[in-house]
Every structure is written in C-alpha cells, then in structure tokens.
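Below: the structure, in structure tokens.
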Amino acid sequence: MVITSEASYAYNYKFQTPVVQQQDTVGTDTLKPAQPRQPGKAEEVSKIEYSAQDSTKYSKDRSIIYLYGKARVIYGAFELDADYITFNSKDNTVFASGRKAANGKYLGKPIFKMDQQGSSSADSLFYNTKSGKGTVFNTFTEQEGGFFSGGQSKRQPDNEIHIKGVTYSTCNLPHPHFGIYITKGIVTDKQIITGPVYLKIEDIPLPLGLPFAFFPKPNKRNSGIIMPSFGDDYTRGFFLRDGGYYMNLNDYWDAKILGTYFTRGSYGASVTSNYVKRYKYNGNIKLDYGSNRYGLEGTPQYEPRKDYSIQWVHSQNAAAHPGTTFSSSVNIKTSGYNLNTAGGNSFNFQSITENELSSSISYGKTMADGKITFAAAARSNQNTKSKSVDVTLPDMSLSVQSFSPFNSKNNIGEQKWYQKITMGYNMVSANSITSPDSILFKRESLSKFRNGIQQTVPISINFTAAKYFNFNAGGTYVEKWHFMSTRQTAIRGALNNGVVAPDQIVMDTVNGFNRSGEYSFNMGLSTKVYNTLQFNKGKLKALRLVTTPTTSFSYRPDFSAAKYGYYKPLFYQDGGKVIDPVTGKQRVYSIHTGTLYGGPSQGENASINFGLDNTLEAKVFSSKDTTGTGTKKIPIIQGLSINGSYNFLAPEFKLSNLNFNGRSQFSDKFGVTYTGTLNPYAVEDVRDARGNTVFDANGNPTRQVVDRLTVPRLVNFGLSFGYSLNADAFKKRNENLDKLTDEKQKTGMTPEQAAELAQISSDPNAFVDFKIPWNFTFSYSYYYSKLANGLSPTSTNTLNFNGDFSVTPKWKVVFTSGVDFKNKGLSPTSFAIYRDLHCWDMNINWIPIGPYRSYSLTIRVKASVLQDLKLSKQQAYYTRF
C-alpha cells in the first residue's frame, strides 16, 4: 500500500524549476524484458541497467520496480537519472519524477539523454522502451546557446519530437526573461517547423508574431536570408540597412552579402567571408563599398561620395608548418571612407578619426636548422589626411646567423684569438613608391618606383681584457646595387629688386644598373662600476648606483673622393663651377641621391663615441617583507643614459650634440619617461661686414651657432607619464583580449567574435567588467624644443584621462576625455552608460562636444544567435547640415 500511494503521488505531480546537467551511467542491477528494442535501430537490447541510493522495491508479481533516491536507469542509448523512477516490464514503460521537499521545493528532477543528443531535464516523463515513444512535461534543454523550456514534448518512433507550449530563449534561467513562444511544432534532426509563434517578455505576450515559422536546428550553421534593420537618417532619408544573405559554403568557409539603401540616393554593399582550418590557419575578408549623398539635391554637396574598404586578416597556427610563417593584416580604405561612412557604420570615435592605415602580407622561412632566415613581405602605409600612400612590393630579406669561420668543432682547450672571430651576412631588397592615392595605380606612377639591393657583412671579435673590461673590434662592409642614378645641374638665382634668389637644383634620373660599396672599422671598450652607500639609521638602508661607461673608436674613409666615382662635381647650366661658400671648393653631389638605399655619405670620419648609462635603486625597510631580510628594493632610475661623439677629422663642430634619455618606474601603476638634447656650442649675434648686428623682419637680432664650446644648452626636452588608480581593470581587459586572440589562433572566430575583438582592441572602454567597481587612468606628456640658435621656442602638453565606475552592481558609467592646453578646452569627450540585464544588455554612447557630437542607445540580446533582436536609437554626427 505504501508503494502504491507514492507511485500515485508521483504520477500526478507537476514540474516547477528544471536544471540541465550531465550524469554518469553506473548500473548496479539488471532486468531483462521480453525482447525490447531501441527505437530507430535494427539491433535489439537485452537488458536494462538500474540502481537507486535509498531503496529498491517491487510489486507483488515483480512486474513493477520502484527506485527511490538518486535513481538511475540505462537502456541502450537512453540514460535517465531522477529522485523517483518506476519501470513496468509488462508494458515496457518508464516513469520518472522528482519529489517535493518539506520547504516546498521540487528536488531530484529527471535528467535524461537520448541517442546523440545532449542532456535535458524535465518535471516528469514517460518513456516506452519497446516503441521508443515518450512524453516529457516541462522540459529544459540547451542547444548551441539557445534554451528550450516548458510545455510538453512527445517523442515518436521515427525520432521526431512533437512539442506544444515550448519557449525558446537565449536566457539561461529556468524562468527566462524573454523568449519566442512556440504554440506547437515538430522537431526533426535538421529543422523545427512550428505553428503560430510570438515574442514574450517577462511573460507578457507582444503583438510580434508569425502564423508559422521554419527554424534550422541550431546544431550547425545554415544558409539563409538576413533581415535588414530600418530607420530614418535626417540627411539620407529612410533606410533599409544590412539586409542580405548568409551562405554556409562548407564546414570551413562561409560568406555574408549585405546591402544598404537610403531613399535619397545613398547605398552601400559589403561581402564578408570567414574561413578556418582547425590547427592550421584562419582568417576573414571583408570588402565594403559605399556611395553616399549629403546636403540638398542640386548642391555640390549632393554629389555622390564613393568609397571602398578592403580588409583581410590571416593567421597561421604556429605548429601548422614549423619553420614557415604566413600572415596578413590588410587595411586599405579610401581617404574619405571613415568620415563618410561613420567608421564603417560602427560610430566608433577611434574608427571615425583614424587616419593612419597600415597593411602587410608577410612570409617567412627558416632553413639549415635556423641558421638561415628568409622573409618576404608586401607593405603599405596610408595617410588619409594627407592622401599619400607608401607602398613596398616586395620587401625581401635574407640573413645568415653569425658564425666563427676559424673555429673547429674538434677544438680542444682554450680558443685561440682568431677562433673568436665571427661574421655574418644580411641582404635586403625592396621595390618602393610614395605617391598620392589618386594616381597610385595609374601609368604615370610606375616610373616613380625606387628599388635596390643592399648586402651587409659584419666581422667582429670580442674578449675580456684585464678581467673587468669587455673589448670588441671589427668592421662592416656594405654593398649596394642600384637600378638608377641621378644627375644634378644648378640654375643661378635670378636678380629681383636688387636681391639674388637662391640657386635651384634640377635633378635628372638615369636608368641602369650601378653599384656602390663602403666599409668602416671600429673598436670599443666597456665595463661596469658598482657604488653602494649604506645607512644605519632610518627606513632608508642603502642606495646602489650601477654605472656602465662605454667608449668606441670608428673610422670611415671619404667615399666622395673622385677615385670612387660615387660623387660628381656640380656645375651651372652655363658650365660654371658651383663654389661652396664655407670651404671655397667646388661642390659635389652624390649620384645616388633619391635612390632607395642611397649612397655612401660624404666626408672622412674618425670619431670617438662615448656613453654613460646609470641605474639607481634604494633598499628600504619593509614590515611586509616575507623573505626574512625585512627590506625591499625600490627602483629610482631604471636607465639614465647620455651619449655623444667627437669627430677628429670634421672641419668644424667636431663634438656632436649630447642626447640623454631615461625612465623611472616607481610602481606598477606609475612610471615616468624623459628625453632631451644638449647643444655644447655657443650662440652669438649675426653681424654684417661693418660689424653691426643683423635684425630680422620683426626687428629681433638674428643669432647663429658658432664653433666654440660652452656650457651645454638644452634645445629640446620631453616628459611623459601615466597613472592608473586601479590596475586590475587593465589586467582584466588584457585577459579578455588574450582569450579572444587565443580562440582566434586555435579555432578561428565567428563574425561576432571578430567584431568584439576589433572593438576592444581599438577602444580601451569597449570592455566593461562589472566585477571591478571603479577605475581611473590618466596620461600626461610635455615636449619643449627650440632652434639650435636658441630662438623660436615651442612647447606642447596634453592630458588625457579615462575611467569608469559602477553606480550599482548592474549599472556602470564609462568616460573618456582630456585637456587641450593649446586651444584651452576639452579634447574629444565621450560618455557611455552600461546596464546589465542578465540575458540582455543596454548601452548609451554620447559624444557631447566637438565635430563628432552624437548619441546612440541600444538594447540587445547578449547571445550572438539572436544578435538581430535589438532596439536601437541614434543620432549620428553627419545627420545635421
């Protein structure tokens, strides 16, 4: 009687909150029904495995088994776990349910798995082991980021599932915030066919539905139509944006074709393709074209602005082809693309204002166990502001690792001095052009390509002298092959109002092969000096200064001498010699001026190069030290260096400027870098033949640098530093970037992941972590410079800051701004507000000032499978006249 009453209770119970999880299959007992069969399969299964943790009971005729407490039944590919299970061997039916606890919660709900499908849960279920039919009440299952919950499901012998009252959502809660309610439908292996469906938000039905629908099963990608978004643009009219077709070409390649149309004549089209071969390579290609009209019809502003964009990213897995690499990062756009299309319709401030575009396609290969390296690349650098393009195609290099030609592998004992000699080889070759983007691919630009080959052979020897000094000596030979040269002619300056204009130089190009060679010798000496100052009182225990002095001597002959043939004398058009007013000799010019690698420099050089590098750190008392010393080290100066040179053979100004730079990283959050130049020569007023001071047009005395050493003067100085009040924010952002990048390298990326990575990479505020309550970061830079004669001082300083803070655990405000000291105002400023709505999110972006002031509001589903389910409102910067 007890068994009967519990069975009756279980049969009439209704589910409340399903949970999805995977269970192991462990059988502790078996029962053999009369020839049951697994549905959809020809083979027969001879036994059912079952177990229970609390108890196992039988009916009087032992035809019904009752399992209590963590019960499990396994029948072929059917696996079932629940708090309560009964099996009737007469009609081959299994029933499972949970139990209602004293506090009213429903526990131990059935979790089941059939065939190749994932695990699902339900309030209760019936299953016939012989026919394969089954009925599931209030199911909950996940498939590729989507969740099916509620209603009833009936499994048929042909593996079809009939559903009724089921909700599909990307919300992972048992009671989802929103979903598409399916009144009835049929689920097959490849598709879902439904009757009437409509959208529900917080259990409220919305008047957004369809009389019937067809859904591909979300277990793989399928081709289909992409519905456009619609709206109104103040300038271009009503629009249908980004509608088109998605093609799943195969498991490794897809394509998405989208189009946009505005009622006032603007339109655009794009083709995006992603490809991936696991553990080999992955990438994506995007071609974008737009024709936009702004202003009033009939005005010049209404003329179409046609722009295009070509983007290609390719990555190769490092283990795919050891010793060989191939990668590409192509970003080619017309000069007006970002401005006319709002950064490719991203409305991202960094994308809109981007004016430096770089592209490269590179291939590399190592040979001879890594001793020889070959690399080839095609590169371009584009400035959309100046509308100029630098293209190098191809750019090749071949390098041989340094080796010792006189050292033998069978050498025994200490090396001889000549066995320490090493040499190497490096070759670079390129074909390059700098041109306005409007004529880059036209015939007149072909003659402007510069090309050549440069080969370098370094030879060196290193050893220790007197135990504390590192000595090195060597030489370098450089051979350059040119495929053109130049000839120069001077044109005398004309006399105008008693003033003689400067001479002009006319340059002619001579095609044909020619070569140049140059060599130099050098030797150097360096050591380290350690100085430590101890303190017996106070928290400061010691100061340690490490000084590294270096000095070297180098010699290079004068390759402008006539015997080399690299320089020619300069003449006027009438045949007269051009005389240098400083030396009183005829001027000469290099025939390799304007070539890709240039020729040897003019003048003999015998100079001493010197430098001094310093590091300073302090040892202070620390109560938090765990090493037992009770002290910690604080770096004060991590590198302060000063260097210069003295050329003994220079006719004047033998001592060069003194350059210094350094950095100090006081903590993980704060660091300072600084650089500057000191001029060691005196400055005096310019005087005429009578000894009178010469004044400029503004009445100020003109000054000049003279060849007389004095106390070095500061001619330029730069200082920059940054500080983060919460370094965890950067750490989390970098971890997220690393995760996305690693996923890209291993398996490729979906278009949504690629867009997310690009957004986070370009915008520091694009990654929002609600677990970090606040963050504030600022950076400051200052630069001061003046001419060598001490006149025309200029300075620039900028301050930028960004940060975020959480108003509540679900609300976050992000801001970016700065101070423009030159214009005495704020630099481009933006605000963003984010709201985490669990399965939805909301963000508001606002640029309140400047030429790009705009705002946008978006409420969207987080899951990419329903990325088009969103509400957007925006006012772009270009929608006003």
Side-chain angles (χ1 to χ4, degrees), residues 226-245 256-272 285-312 330-357 359 382-389 436-441 751 755 758-759 762-763 828 830 845-847 850-858 868 870 872-881:
I226 300 175
M227 298 300 295
S229 60
F230 58 90
D232 180 22
D233 186 289
Y234 186 82
T235 303
R236 297 178 291 180
F238 294 97
F239 63 79
L240 293 175
R241 176 181 293 164
D242 292 337
Y245 193 78
K256 181 168 61 175
I257 303 175
L258 300 177
T260 298
Y261 176 74
F262 294 84
T263 55
R264 294 184 181 176
S266 298
Y267 62 89
S270 67
V271 178
T272 305
I285 302 173
K286 183 178 181 181
L287 308 177
D288 199 354
Y289 175 81
S291 176
N292 292 282
R293 296 178 183 268
Y294 301 100
L296 296 174
E297 188 173 357
T299 64
Q301 291 77 14
Y302 190 71
E303 291 298 317
R305 305 179 185 182
K306 299 181 179 181
D307 299 284
Y308 66 85
S309 168
I310 302 173
Q311 295 174 287
W312 176 33
V330 176
N331 185 19
I332 300 174
K333 301 175 182 177
T334 55
S335 57
Y337 176 85
N338 284 331
L339 187 63
N340 294 331
T341 65
N345 291 323
S346 67
F347 299 95
N348 178 269
F349 181 77
Q350 283 73 18
S351 298
I352 296 171
T353 57
E354 178 187 35
N355 55 32
E356 293 287 346
L357 307 176
S359 301
Q382 179 184 0
N383 189 304
T384 59
K385 190 174 182 180
S386 63
K387 298 184 179 181
S388 64
V389 183
D437 57 7
S438 58
I439 64 170
L440 177 62
F441 299 106
Q759 178 75 356
S762 63
D763 184 2
S830 65
N845 292 283
W846 178 38
I847 301 177
Y852 302 105
R853 60 185 184 274
S854 59
Y855 74 84
S856 65
L857 167 66
T858 303
D868 291 327
K870 62 183 178 180
S872 299
K873 175 64 178 177
Q874 62 186 18
Q875 177 177 320
Y877 69 92
Y878 58 78
T879 57
R880 300 184 305 275
F881 293 111

### Task
Write down the atom of G237, the atom of F262, and the distance for their closest heavy-atom approach.
O-CD2, 3.9 Å
### D307 versus N340, side-chain donor and acceptor atoms under 3.5 Å
yes
### Task
Please report the closest heavy-atom contact between S270 and D288, naming both atoms and the distance.
CB-OD1, 3.7 Å
### Task
Rounded to the nearest 0.5 Å, what's the gap from CG on L258 to CD1 on I226? Could you check?
5.0 Å
## Note on the structure
Residue set satisfying side-chain hydrogen bond (donor to acceptor under 3.5 Å, both in side chains) with K286, at least two apart, ordered chain then number -> none
### Query
Could you state the interatomic distance from OG1 (T341) to CZ (R305), rounded to the nearest 0.5 Å?
11.5 Å
### Query
Any donor and acceptor pair, going by atom type alone, linking the side chain of Q382 with main-chain N or O of K333 inside 3.5 Å?
yes
### Expected output: side-chain T260 to main-chain D242 donor-acceptor under 3.5 Å
yes
### Query
Hey, are the side chains of Q311 and I285 touching, using non-hydrogen atoms and a 4.5 Å cut-off?
no
### Task
With rounding to the nearest 0.5 Å, note down the distance linking OH in Y289 to OG1 in T334.
9.5 Å
### Message
Let me confirm one number: the OH-CD1 distance from Y308 to I332, rounded to the nearest 0.5 Å.
### Response
7.0 Å
### Task
Step through it carefully: locate the ring centre of Y261, locate the ring centre of Y267, and say whether they are under 6.0 Å apart.
no
### Query
Taking the side chain as C-beta and beyond, is there a heavy-atom pair between S229 and R241 under 4.5 Å?
yes
### Message
As an exercise, state the distance from CZ of R264 to CZ of F238, rounded to the nearest 0.5 Å.
### Response
8.5 Å
### Query
For the side chain of S291 and the backbone of K306, is there at least one donor-acceptor N/O pair under 3.5 Å apart?
no
### Summary
When every non-hydrogen atom of R293 is compared with those of G265, the smallest separation belongs to NE-O, 3.9 Å
### Query
Is there a donor-acceptor pair under 3.5 Å between the side chain of N338 and the backbone N or O of E354?
yes
### Query
In Å, rounded to the nearest 0.5 Å, how long is the span from CG of N331 to OG of S309?
6.0 Å
